[in-house]
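Here the structure is laid out as structure tokens; the discussion comes afterwards.
This structure is a prediction, so every number in the text was calculated from the model and none was measured. As the structure lists them, so they are numbered: ligands from 1, and atoms in each ligand from 1.
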Amino acid sequence: VEDEPTLLETLEYNLTHRGYQVCTAADGPTALEVARQEQPNLIVLDVMLPGLDGFEVCRVLRPEMNVPILMLTARDEEVDKVVGLEVGADDYMTKPFSMRELLARIKALLRRVRLDREEMAAESKEARPEQLTFGNLMLDLTRCEVLRDGEPLHLKPKEYELLVFLARNRGIVLSRDLILERVWGWDYGGGSRTVDVHVRWLREKIEPDPGQPTRIITVRGVGYRFEG
Ligand code: CA
């Protein structure tokens, strides 16, 4: 959903080229109509739109359908991000952005949704793995314990939750906002610096060399990725 014809065309071209089926809208009301009709797997939504802005579209659609929404904003203001997260956006990109990064984020979001569904399916079958092992690191999810070389690590509750979230989504780039939302919750008042601080603490406990992390990788400008 984008009201700038050139950008809309570029997005459509690139996404179609990558094998996605694309439906477009250039204003808020049309976006609602198309979304309800087509039931998309993912929505890329511009914030500044005629008729109804992206936040409003997001607010209306959120309770109607369980679809990941990636918002595009021209303004890099924290307040916009907060509003966007409150209305239920899943990820954010500030214009101008590279098509390559957008495609990567779309892929990550779709993959996350698929993993969530698989996780839910696994949970319902009670087949969820109870232990995750990465080299000398073992996460015992039943006992809420992390072992390094067989020795239990003393992790704070949030460090543990963060590590489990990263490990379950290993190989996927996770934005700070997403990590904040999933580990700390919507109502958490602190900023995304909290994520950085906890990552630093975790690295000191789980990385062979915290100065040269090989498990929790920083993805510049986006967030983190856990290497299994
Ligand atoms: Ca716009």
Is Glu159 paired with Lys205 through a side-chain N to carboxylate O contact shorter than 4.0 Å?
-> yes
Test item: side-chain donor near acceptor, Arg203 and Thr218, under 3.5 Å = yes
Under 6.0 Å between ring centres, would you say that holds for Phe165 and Phe226?
-> no
Taking only residues two or more places apart in sequence, or in another chain, which ones meet Arg62 in a side chain to side chain donor-acceptor pair (under 3.5 Å)?
-> Asp90
Which atoms of the protein, restricted to N, O or S, are nearer than 3.0 Å to the Ca ion (ligand 1)?
-> Asp3 OD1, Asp46 OD2, Met48 O
Short N-O contact, Glu56 and Arg59, less than 4.0 angstrom | yes
Whether over 12 other heavy atoms sit under 6.0 Å from Arg143 CZ | no
